[in-house]
Protein chains: 2
Amino acid sequence: MHKRITVTSDRCSTCMLGDLCLPLGMSQRDRQVLDQIIKERIRLPKGGSLFQAGDAVTAVYGIRSGSIKTQLEDASGQVQITGFLLPGEIVGLDGLLQLRQVSHAVALETTEVCVIRLDEMDGLAPHLPSLQQQFRRLLSKEIGRSQQMTATLALLRSDQRVAAFLLNISQRLAALGYSAEAFVLRMSRAEIGNYLGLTLETVSRWLSRFARDGLIRLQQREVTLLQPQALQQLAGTACD
Amino acid sequence: MHKRITVTSDRCSTCMLGDLCLPLGMSQRDRQVLDQIIKERIRLPKGGSLFQAGDAVTAVYGIRSGSIKTQLEDASGQVQITGFLLPGEIVGLDGLLQLRQVSHAVALETTEVCVIRLDEMDGLAPHLPSLQQQFRRLLSKEIGRSQQMTATLALLRSDQRVAAFLLNISQRLAALGYSAEAFVLRMSRAEIGNYLGLTLETVSRWLSRFARDGLIRLQQREVTLLQPQALQQLAGTACD
DNA sequence: CGTCCGATTGAGGGGGGTCAAGCTGAGTGG
DNA sequence: CCACTCAGCTTGACCCCCCTCAATCGGACG
């Protein structure tokens, strides 16, 4: 389901993602130490699983290219998507509690991730306090992101959730240097709906409505934000 | 708003909470090292603030007795309660990203917390790897808890959310050695509703209905679970 | 050109929000 | 000791938002 690749070039210290990923806030010297930790990448085809619930946790994963969804699943087959992750973001931060994965991570397109082994990280920890602190920040950031999602689900109407979703994707892509206005949704309407606690029909209706009202332009999964400020106003502030 | 107390007795190594709090999985020797980190407690009256959004983060806090709610607030006064925390649980794990609090933490009753200073913790980290790992587990646990909340809001009907809420409180109190069947809700109907993404009327209606159907007994905020297994069946599994 | 999966759009109904009117119990002051 | 107050809770009536069910459409791929 996935292919392991030994890293030979373009390590952390020279990676284009730089501050957008694990090395954030680390000195160039510390980044070169980091290069020694990350020796491997994994390449996933569209639909491929990075890990499944129950797997032993030996590493966390930094997305180098592509995108991944993470979802909780229960015995009855019920699914809840908990995140859509983009390059620079770290996958597998839940699961550190018992060192067992609780989520299922699936590639939404061809995706490459850097393997950050926990044992390597713990081995270097005493010599690299900045890594411990950065890792702690990443965990805390994930808590904040998840709490924000809670506020979105608890406080916003369906149209506000869809608008907030578009803006969130837009801003994260913009931070990566892509266009904030024009982008391609890598996930289906059903996946967006599941993520937002709505049905796919409701998502589709609001996207169509936004397009009809001139807020966005839509061609299948291609989105162009025509009036981002109007979307922002619609989404309001769900405690952010 | 709060009173600082220097710790003179009943430190981590002898605290009754023991494995239910920070020291989980640490050796008795390591716990005695932990005693040196935690030198202070804070006592809060009902309604008192432990910290507010924007405050500098210098510590996280272990609840020793009482209970605390944490909530996100935005400029327009919109509030979203993100958690009700019981003894043994750690407050302030969000906020480590920028070392600024993002939430407002308020005591639901007279509450005492142990101050776990970050600088002390980082100072001892190299000599105490078990603390780093335990702290990482706690952060990961909080991610899992928050994701579970997302699933609850996205997947469950209002009656299922209320049932799941009662069972959650029950189980956490049982883990502390209290009765799983009979307990007092420290928060108002409005706070429960906010937390669950419902109105206080809906919460009240379902509690009344559960009581009328013989699933629980209700006297103001005193709850007795008469048929916990029926509640469990009602709540179903929101991906857990 | 036919098939298929995902997306769109419509019609209808129900779950939960809104608004409003009482109720309850704890605290207060006479 | 008891009326008074007030915040929190309960219960009812109404209605709207979003889900459900269904039909149709559209592009991708053989």
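Letters A, B, ... are given to chains in the order of the sequence lines, protein chains preceding strands, and every chain is numbered from 1.
- Atoms CG (B/Leu185) and C1' (D/dG8) sit 14 Å apart, rounded to a whole Å.
- As rounded to whole Å, 13 Å separates atom P of D/dG8 from atom CD1 of B/Ile192.
- Counting only residues at least two apart or on different chains, no salt bridge (Lys or Arg N to Asp or Glu O under 4.0 Å) pair has a member in residues 223-233 of chain A.
- Within the structure, salt bridge (Lys or Arg N to Asp or Glu O under 4.0 Å) contacts touching residues 195-213 of chain A (residues at least two apart or in different chains) are A/Arg209-A/Asp213.
- With the end axes of the helix from C/dC1-D/dG30 to C/dG30-D/dC1 each set by five pairs, the angle from one to the other reads 30° at 10° resolution.
- Scanning DNA chain C 5' to 3' for nucleotides with an atom closer than 4.0 angstrom to a non-hydrogen atom of chain A gives a first and last hit of C/dG6 to C/dA11.
- With sequence neighbours excluded, the residues satisfying side-chain contact (heavy atoms from CB on, under 4.5 Å) with B/Ala174 are B/Ala180.
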Determine all donor-acceptor pairs shorter than 3.5 Å in which one atom belongs to a side chain in residues 153-165 of chain B; sequence neighbours excluded.
unit_1   : atom_1 : unit_2   : atom_2 : d
B/Arg157 : NE     : B/Asp159 : OD1    : 3.2
B/Arg157 : NH2    : B/Asp159 : OD2    : 3.1
B/Ser158 : OG     : B/Trp206 : NE1    : 2.8
B/Gln160 : OE1    : B/Arg157 : N      : 2.9
B/Gln160 : NE2    : B/Leu234 : O      : 3.2
B/Arg161 : NE     : B/Leu156 : O      : 3.0
B/Arg161 : NH1    : B/Leu196 : O      : 2.8
B/Arg161 : NH2    : B/Leu153 : O      : 3.2
B/Arg161 : NH2    : B/Leu156 : O      : 3.3

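- A search for side-chain contact (heavy atoms from CB on, under 4.5 Å) contacts involving B/Ala53 returns nothing, not counting sequence neighbours.
- Judged as a salt bridge (Lys or Arg N to Asp or Glu O under 4.0 Å), and not counting sequence neighbours, B/Lys141 has no contacts.
- Side-chain contact check for A/Phe84 versus A/Arg186: every heavy-atom pair is 4.5 Å or farther apart.
- Remark: A/Gln219 engages A/Arg217 in a side chain to side chain donor-acceptor pair (under 3.5 Å) (not counting sequence neighbours).
- Every pair tested for salt bridge (Lys or Arg N to Asp or Glu O under 4.0 Å) that includes a residue from residues 48-58 of chain A fails, sequence neighbours excluded, so the list is empty.
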Give every donor-acceptor pair under 3.5 Å between a side-chain atom in residues 96-103 of chain B and any protein atom, sequence neighbours left out.
unit_1   : atom_1 : unit_2  : atom_2 : d
B/Arg100 : NH1    : B/Gly54 : O      : 2.8
B/Ser103 : OG     : B/Asp94 : OD2    : 2.4

(Q) I'd like to compare against my own output: the B/S/- annotation of nucleotides 11-27 of chain D with a strict under-4.0 Å heavy-atom distance to protein. (A) BBB----SSBBB-----

